[in-house]
Amino acid sequence: MTVPLLKIGAVLSTMAMVTNWMSQTLPSLVGLNGTRAGTSEKITLFPSPEDGWQIYTSAQAPDGKCICTVVAPAQTTCSRDPRSRQLRQLMEKVQNISQSMEVLDLRTFRDLQYLRNTESLMKVLDTKLRATDSQRNINAKSFQELKDKMKQLLPLIPVLDQYKSDTKMIVQLKEEVRNLSNVLLLIQEEMGAYDYEELQQRVMILEARLHACMQKLGCGKLTGVSNPITVRASGSRFGSWMTDTMAPSADNRVWYMDGYYKGRRVLEYRSLNDFIKGQNFVQHLLPHPWAGTGHVVYNGSLYYNKYQSNIVVKYHFRSRSVSVQRSLSNAGYNNTFPYSWGGFSDIDFMVDENGLWAVYTTNQNAGNIVVSKMDPQTLEILQTWDTGYPKRSAGESFMICGTLYVTNSHLAGAKIYFAYYTNSSTYEYTDIPFHNQYSHISMLDYNPRERVLYTWNNGHQVLYNVTLFHVIKTSGE
């Protein structure tokens with residue numbers, strides 16, 4: 001279920017309202033401006049609609065009452081009231097919580113299904129092993145190997161139980177947010193009907209619980225990649241396409257960059273649906289041509305490698321200008337240390353849950369992949385890791401939760417073969433199947449907001465869902 005978004009507005013409507021005022025009331029109002037009652041002249045209590053109420057066509061009814069048509073002030077007047085301002089701030093907080101809950105719900109749904117299936121398989125395997133143990137139908141060595149594997153899986157059961165418990169907590173949080181939203185909407189209609197301090201306390205408690213939940217479930221280890229989902233077939237054999245990982249949930253713009261060198265034209269589509277149809281786009285012409293396909297859009301800016309240099313550029317879309325550019329010290333360029341497919345792919349930008357990264361190689365690292373955490377504002381390198389994996393042997397790579405995952409080829413039969421963990425400066429070889437449907441991947445990037453992989457595969461724009469395994473530490477561990 002989706003938590004409804006809140007609409008923050010003034011309590012007073014700007015529609016015309018007809019009010020009966022007692023005859024003794026109107027003279028005091030008329031006295032403010034010296035205009036006679038019973039006429040069709042407009043009586044203005046304040047200089048402009050933005051400052052207060054306006055009265056139109058006042059007249060006297062047969063029973064002696066004054067009938068006046070009034071127009072409520074604009075929203076800005078109401079917002080001046082301290083209680084309205086407090087209410088608006090609280091509603092904005094609840095709206096932010098609601099949006100975060102939507103993202104968290106989407107992130108955990110697929111993983112929960114995977115974990116439920118895993119739990120069921122583990123229980124079936126345990127039952128079969130117990131039955132086999134009593135029958136002794138297999139040789140002792142094979143049986144012992146099965147038992148050893150089962151023992152390795154058994155500790156996952158309490159983890160699964162904890163995961164399901166946390167999922168129930170998410171549902172409960174969503175219900176509390178929904179109830180709080182309803183309370184806020186009622187307060188909009190009945191100003192002053194609720195204790196603001198109590199309301200603010202409830203919002204703070206929800207924020208704290210949501211943060212704790214996201215800390216538990218936000219990141220994990222890659223365990224699987226779905227079958228490919230072809231979004232569109234367009235452009236040349238090489239290119240890149242992406243969305244902004246830092247954009248609000250309602251912002252679904254898509255950026256499209258065809259080709260791998262000397263390109264300057266970036267197309268910005270209004271939505272994914274428009275991108276699929278090839279309509280409703282604007283064009284950005286970059287001041288410097290790009291090299292490779294390792295570009296990313298992050299918080300409204302494009303990060304890319306300037307052609308025939310190791311200079312990295314941050315281009316701001318709204319101002320249509322370069323915010324900053326900097327040389328990536330000692331980084332190879334111009335096909336010195338590309339991925340296995342070539343294409344000037346020496347420098348590859350990436351974004352994950354931890355921020356902005358650059359993947360490249362230097363002569364000092366003997367052609368091995370280097371991972372650097374970067375400051376998105378200044379493009380300064382904050383920290384660097386030498387993975388020890390030769391870049392020319394890598395088909396492509398991507399970051400998830402601070403871990404670099406590397407494919408062993410860009411062609412058919414590729415798999416995710418290597419993982420480097422920056423949090424521990426360790427690595428391992430993996431064997432995660434990866435269906436390369438169109439046999440030539442020239443761009444592969446992870447989007448943490450949507451938890452999908454974006455790929456450009458031989459003139460096709462393709463998505464892959466990913467499954468992350470969350471290691472949950474319970475209290476006392």
Side-chain angles (χ1 to χ4, degrees), residues 221-225 228 237-240 260-261 290-296 304-305 310 312 328-352 357-374 381 383-446 453-458 462 464 466:
K221 181 178 180 180
L222 180 67
T223 58
V225 178
R237 194 177 189 187
F238 314 95
S240 60
Y260 66 86
Y261 76 108
W290 70 68
T293 58
H295 333 297
V296 294
Y304 72 97
N305 175 209
N310 61 6
V312 292
L328 197 56
S329 181
N330 299 317
Y333 63 93
N334 206 28
N335 267 342
T336 303
F337 297 114
Y339 289 120
S340 60
W341 63 274
F344 298 92
S345 55
D346 302 79
I347 299 174
D348 192 0
F349 282 105
M350 302 175 186
V351 172
D352 72 351
W357 304 82
V359 169
Y360 55 98
T361 298
T362 68
N363 284 317
Q364 291 82 351
N365 293 92
N368 293 330
I369 292 177
V370 174
V371 180
S372 289
K373 186 77 169 60
M374 300 190 75
I381 294 177
Q383 191 173 354
T384 297
W385 295 261
D386 183 352
T387 67
Y389 192 92
K391 191 163 186 283
R392 285 184 174 274
S393 298
E396 271 286 346
S397 64
F398 56 92
M399 296 289 296
I400 297 181
C401 298
T403 298
L404 179 73
Y405 294 95
V406 181
T407 66
N408 62 345
S409 174
H410 62 282
L411 303 173
K415 61 183 177 180
I416 299 169
Y417 181 72
F418 178 84
Y420 186 88
Y421 305 97
T422 60
N423 61 343
S424 61
S425 299
T426 59
Y427 69 89
E428 69 173 337
Y429 288 92
T430 60
D431 188 11
I432 302 174
F434 183 77
H435 182 36
N436 187 347
Q437 184 173 4
Y438 302 106
S439 304
H440 197 288
I441 291 177
S442 60
M443 169 257 176
L444 177 60
D445 266 327
Y446 172 67
L453 295 174
Y454 279 68
T455 67
W456 187 293
N457 195 336
N458 214 357
V462 182
Y464 294 84
V466 299

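Hydrogens, waters and symmetry mates play no part in the numbers below; they use all other heavy atoms, side chains included. From a predicted model like this one, the values you see are computed outputs, not experimental measurements.
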Does the side chain of [X] reach to within under 4.5 Å of the side chain of [Y], using non-hydrogen atoms?
X	Y	answer
Thr403	Leu222	no
Tyr446	Met350	no
Tyr260	Arg237	no
Leu444	Phe434	yes
Gln383	Thr422	no
Tyr339	Lys391	yes
Glu396	Asp348	yes

For [X] and [Y], indicate whether the former's side chain and the latter's backbone hold a donor-acceptor pair under 3.5 Å.
X	Y	result
Asp346	Asn335	yes
Thr430	Ala419	no
Asp352	Cys401	yes

CH2-CH2 distance between Trp357 and Trp385, expressed to the nearest 0.5 angstrom
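Going from the CH2 atom of Trp357 to the CH2 atom of Trp385 covers 4.5 Å.
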
Hey, could you give me the CG/OG1 distance between Asn330 and Thr361, rounded to the nearest 0.5 Å?
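With rounding to 0.5 Å, CG (Asn330) is 12.0 Å from OG1 (Thr361).
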
Would you please name every residue forming a ring pair (Phe, Tyr, Trp, His ring centres under 6.0 Å) with Tyr438, sequence neighbours left out?
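Result, ring pair (Phe, Tyr, Trp, His ring centres under 6.0 Å) vs Tyr438: His460.
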
Can you list everything that forms a ring pair (Phe, Tyr, Trp, His ring centres under 6.0 Å) with Tyr405? Sequence neighbours excluded, please.
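Scan of Tyr405 (ring pair (Phe, Tyr, Trp, His ring centres under 6.0 Å), adjacent residues dropped) gives Phe398.
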
Using the side-chain contact (heavy atoms from CB on, under 4.5 Å) rule, pick out the option among Ile416, Val466, Thr223 that qualifies with Ile432.
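That would be Ile416; it is the only one of Ile416, Val466, Thr223 passing the side-chain contact (heavy atoms from CB on, under 4.5 Å) with Ile432.
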
For Thr384, which residues count as a side-chain hydrogen bond (donor to acceptor under 3.5 Å, both in side chains) partner, sequence neighbours excluded?
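Listed in chain order: Ser372.
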
By side-chain hydrogen bond (donor to acceptor under 3.5 Å, both in side chains), which residues pair with Asn368, not counting sequence neighbours?
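By the side-chain hydrogen bond (donor to acceptor under 3.5 Å, both in side chains) rule, Asn368 matches no residue at all.
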
Using side-chain hydrogen bond (donor to acceptor under 3.5 Å, both in side chains) as the criterion, point out the one residue from Thr407, Thr455, Asn457 that pairs with Asn436.
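Exactly one option meets the side-chain hydrogen bond (donor to acceptor under 3.5 Å, both in side chains) with Asn436, and it is Asn457.
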
Are more than 12 heavy atoms, taken from residues, nucleotides or ligands other than Tyr333, located less than 6.0 Å from that residue's OH atom?
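No.
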
Does Tyr421 have more than 12 heavy atoms from other residues, nucleotides or ligands lying within 6.0 Å of its OH?
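Yes - once you tally the heavy atoms of other residues, nucleotides and ligands closer than 6.0 Å, there are more than 12.
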
Kindly give the heavy-atom pair with the smallest separation between [X] and [Y], and that separation in Å.
X	Y	result
Arg392	Phe337	NH2-N, 4.4 Å
Phe349	Asn305	CE1-N, 4.1 Å
Trp341	Ser442	CZ2-O, 3.1 Å
Ile369	Thr387	O-OG1, 2.8 Å
Trp456	Ser240	CE3-N, 3.1 Å
Ala414	Asn408	CA-OD1, 3.6 Å

Write out all pairs satisfying salt bridge (Lys or Arg N to Asp or Glu O under 4.0 Å) with one or both partners inside residues 432-444, taking only residues at least two apart or from two chains.
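For residues 432-444: none.
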
Sorted by first residue and then second, give each salt bridge (Lys or Arg N to Asp or Glu O under 4.0 Å) pair with at least one member in residues 423-432; sequence neighbours left out.
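Every pair satisfying salt bridge (Lys or Arg N to Asp or Glu O under 4.0 Å) with a residue in residues 423-432: Lys221-Glu428, Lys415-Asp431.
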
Can you say whether the rings of Tyr304 and His295 are parallel (under 30°), tilted (30 to 60°) or perpendicular (over 60°)?
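Perpendicular, since the angle between the ring planes exceeds 60°.
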
Could you check whether the rings of Tyr420 and Phe418 sit parallel, tilted or perpendicular, using 30° and 60° as the cut-offs?
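Parallel.
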
